[in-house]
Amino acid sequence: MSDAVPETEPDPPAVEPVDEGYDPAAPAPLEVPRTPTGDAGVDARLQRLADADHLATDGHLEVYEDVHRGLREALTALDARPAPSS
């Protein structure tokens with residue numbers, strides 16, 4: 001007779017029940033604060049980022065590209081202004 005304890009498989013880790021209503025791609029507001037810059041055009045573009053809060057993740061790219069395009073246009077417009085006279 002052997003006094004050895006028979007090997008047993010460890011209990012599997014507990015698995016949390018899956019919430020069937022949870023959708024990781026569903027809109028989830030990030031609520032990132034947006035500090036006004038003082039430039040109405042730039043502030044409007046930054047505010048446009050809030051639109052992504054109400055879209056599924058596959059809709060974010062369009063908002064980000066629109067904001068990027070608008071900010072690029074604002075920077076380009078700064079280069080196009082005549083230099084102030086001294």
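Only heavy atoms go into these numbers, but all of them, side chains included; no hydrogens, no water, no symmetry mates. Note that the numbering runs from 1 along the sequence shown for the chain.
Sequence neighbours left out, not one pair with a member in residues 37-59 passes ring pair (Phe, Tyr, Trp, His ring centres under 6.0 Å). Among residues at least two apart or in separate chains, salt bridge (Lys or Arg N to Asp or Glu O under 4.0 Å) pairs with a member in residues 41-53 are R45-D66, R48-D51, R48-D66.
Cluster partners of L78 are L75, counting Ile, Leu, Val, Met, Phe, Trp and Tyr whose side-chain heavy atoms approach within less than 4.5 Å, directly or via other members.
In terms of the side chain to side chain contact (heavy atoms under 4.5 Å, CB included) criterion, residue partners of H60 (sequence neighbours excluded) are, by chain and number, A52, L55, T57, Y64. Shown here are the salt bridge (charged side-chain N to carboxylate O under 4.0 Å, His left out) partners of R34, two or more places apart in sequence or in another chain: there are none.
Closest heavy-atom contact between L71 and L46: CD1-CD2, 4.5 Å.
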